[in-house]
Amino acid sequence: MNTTLATDYSDQPPHEAVGVRVAKRIVKGIIVVVFFGAMVVLVSNWWVVYNTRAQTYFDINKLPANDVGLVLGTSKFVRTGKENLFFRYRMEATARLWKEGKVKYLILSGNNDSEYYNEPVDMQRALVKLGVPASVMTLDYAGYRTFDSVVRCKDVFNQEKITIISQNFHNARALYIGNHEGIEAIAFAAQDVPDGYSLRTLVREYLARPYAMLDVYVIRPQPEKGNWERKRNP
């Protein structure tokens, strides 16, 4: 007589069932971590923007005048070697503010990684071409991060009332840092780039805002105290 045998999974080795359960728990754990991580990023971004929204100006006619403008650095060129529109629009906004009398002096703060990369010098050259005299500019060569630029503006250059100049998305983080460092700051939003121009920059900013909150409340990094330029090779 023919007998059909049914598969009995209860005969599987116990260690295989345990392995499946462990794998499921790991997957669930990863999902929970990713979910809460995403929530932290979203809430941090909302909080930074919400707390600084009243300090950012888009209309130059409504912008109060300050003696000093802090220009946040960025690279002059993108990876492909083309012009960086963030840089171009930021320099144009800076020149316009100075010509309109909204700022009298400028601190150009940026990175100075090597003899071939110097954001403050690049900014100075661009602004001179736009009609701003070099005599009104002070170059901060140790503005490696936005946190450094803002804190050094107060600690190194003794400025506690400033106008921050950058794109709107960047200004929010700088203002948030300034608010917690005892700086009386407002910001002017330079022209933004076209949609889709640099998704990488926007994603990086979303992640930088939670990190800025860690800097302010937990890490408290110590920026360079002096103002120096990386030495050039002879």
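For reference, positions follow the sequence shown, starting with 1. Worth knowing before you read on, the calculation uses all heavy atoms, side chains too, and leaves out hydrogens, waters and symmetry mates.
- Glu224 and Arg152 are not joined by a salt bridge, as no carboxylate oxygen comes within less than 4.0 angstrom of a charged side-chain nitrogen.
- In this structure the side chain of Asn66 never reaches within 4.5 angstrom of the side chain of Lys102, judged on heavy atoms.
- Note that CD of Glu184 and CD1 of Ile162 are 10.0 Å apart. Values are rounded to the nearest 0.5 Å.
- Taken from CZ in Arg209 to CZ in Phe169, the straight-line distance is 8.5 Å, to the nearest 0.5 Å.
- Residues Thr138 and Leu108 fail the side-chain proximity criterion, which asks for heavy atoms closer than 4.5 Å.
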Please assess Glu205 against Arg200 for the test side chain to side chain contact (heavy atoms under 4.5 Å, CB included), listing each intermediate value before the final yes or no.
-> CA-CA 9 Å; Glu205 183 62 29; Arg200 177 175 173 270; over 6 Å; no
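- Looking at Tyr89 and Asp192, their side chains never come closer than 4.5 Å, going by heavy atoms from C-beta outward.
- Looking at Trp98 and Pro133, their side chains come closer than 4.5 Å, going by heavy atoms from C-beta outward.
- For Arg204 and Tyr206, the positive end is not near the middle of the six-membered ring at less than 6.0 Å and at most 45° from its axis.
- One hydrophobic cluster, built from ILVMFWY side chains closer than 4.5 Å, holds both Val150 and Leu214.
- Ile164 has its side chain within reach of Leu72: a pair of non-hydrogen atoms, C-beta onward, lies under 4.5 Å apart.
- Contact check on Arg88 versus Glu92 returns a salt bridge, with a Lys/Arg side-chain nitrogen under 4.0 Å from an Asp/Glu carboxylate oxygen.
- Once rounded to the nearest 0.5 Å, the distance linking CZ of Arg173 with CG of Asn45 reads 10.0 Å.
- Leu106 places a side-chain heavy atom less than 4.5 Å from the side chain of Val132.
- Between Pro120 and Asp140, every side-chain heavy-atom pair lies at or beyond the 4.5 Å cut-off.
- Of the listed residues (Met137, Met91, Arg90, Lys76), just one forms a side-chain contact (heavy atoms from CB on, under 4.5 Å) with Met123, and that residue is Met91.
- Formation of a donor-acceptor pair under 3.5 Å by the Glu119 side chain with backbone atoms of Asn112 is not found in this model.
- Hydrophobic clustering (side-chain heavy atoms under 4.5 Å, transitive across Ile, Leu, Val, Met, Phe, Trp, Tyr) keeps Leu42 apart from Leu207.
- Interatomic distance, Tyr211 OH to Thr146 OG1, rounded to the nearest 0.5 Å: 12.0 Å.
- Ser149 approaches Leu70 most closely through the heavy-atom pair O-CD2, 4.0 Å.
- Remark: side-chain polar atoms of Asn84 are paired, donor with acceptor, to backbone N or O of Ser75 under 3.5 angstrom.
- Atoms CG and CD1, on Asp148 and Ile177 in that order, are 9.0 Å from each other to the nearest 0.5 Å.
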Should His170 and Thr74 be marked as a side chain to side chain contact (heavy atoms under 4.5 Å, CB included) after you check the CA-CA gap, both sets of side-chain angles, and the distance that decides it?
-> CA-CA 11 Å; His170 192 190; Thr74 186; over 6 Å; no
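- A distance-only check finds a donor-acceptor pair linking the side chain of Lys99 to the backbone of Leu130 [under 3.5 Å].
- Between Trp47 and Met213, some side-chain heavy-atom pair lies under the 4.5 Å cut-off.
- Under the 4.5 Å side-chain heavy-atom criterion for grouping Ile, Leu, Val, Met, Phe, Trp and Tyr, Val71 is not connected to Phe58 through any hydrophobic cluster.
- Rounding to the nearest 0.5 angstrom, the gap separating the CG atom in Asn171 from the OG1 atom in Thr56 is 5.5 Å.
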Any chance you could lay out the side chain to side chain contact (heavy atoms under 4.5 Å, CB included) test for Tyr57 and Thr163, step after step, and finish with the verdict?
-> CA-CA 10 Å; Tyr57 291 81; Thr163 298; over 6 Å; no
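- Tyr144 and Asn111 make their closest contact through CD2-OD1, 3.1 Å (heavy atoms, listed as atom of the first residue, atom of the second, distance).
- Between Leu139 and Phe157, the shortest heavy-atom distance links the atoms O-CZ, 4.4 Å.
- In this structure, Val40 is not a member of the same hydrophobic cluster as Val218, with clusters built from ILVMFWY side-chain heavy atoms closer than 4.5 Å.
- Hydrophobic clustering keeps Val49 apart from Leu175 (ILVMFWY residues linked when any side-chain heavy atoms are closer than 4.5 Å, directly or through intermediates).
- Between Arg220 and Glu181 there is a salt bridge, since a side-chain N of the basic residue sits under 4.0 Å from a carboxylate O of the acidic one.
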Let me see the working for Ile60 and Arg96 under side chain to side chain contact (heavy atoms under 4.5 Å, CB included), right down to the final yes or no.
-> CA-CA 9 Å; Ile60 193 171; Arg96 186 183 174 197; 3.1 Å; yes
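- Aromatic ring orientation, His180 versus Tyr176: tilted (interplanar angle from 30° to 60°).
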Yes or no on side-chain hydrogen bond (donor to acceptor under 3.5 Å, both in side chains) for Gln159 and Asp67, after CA distance, side-chain angles and deciding distance?
-> CA-CA 10 Å; Gln159 301 302 318; Asp67 284 342; over 6 Å; no
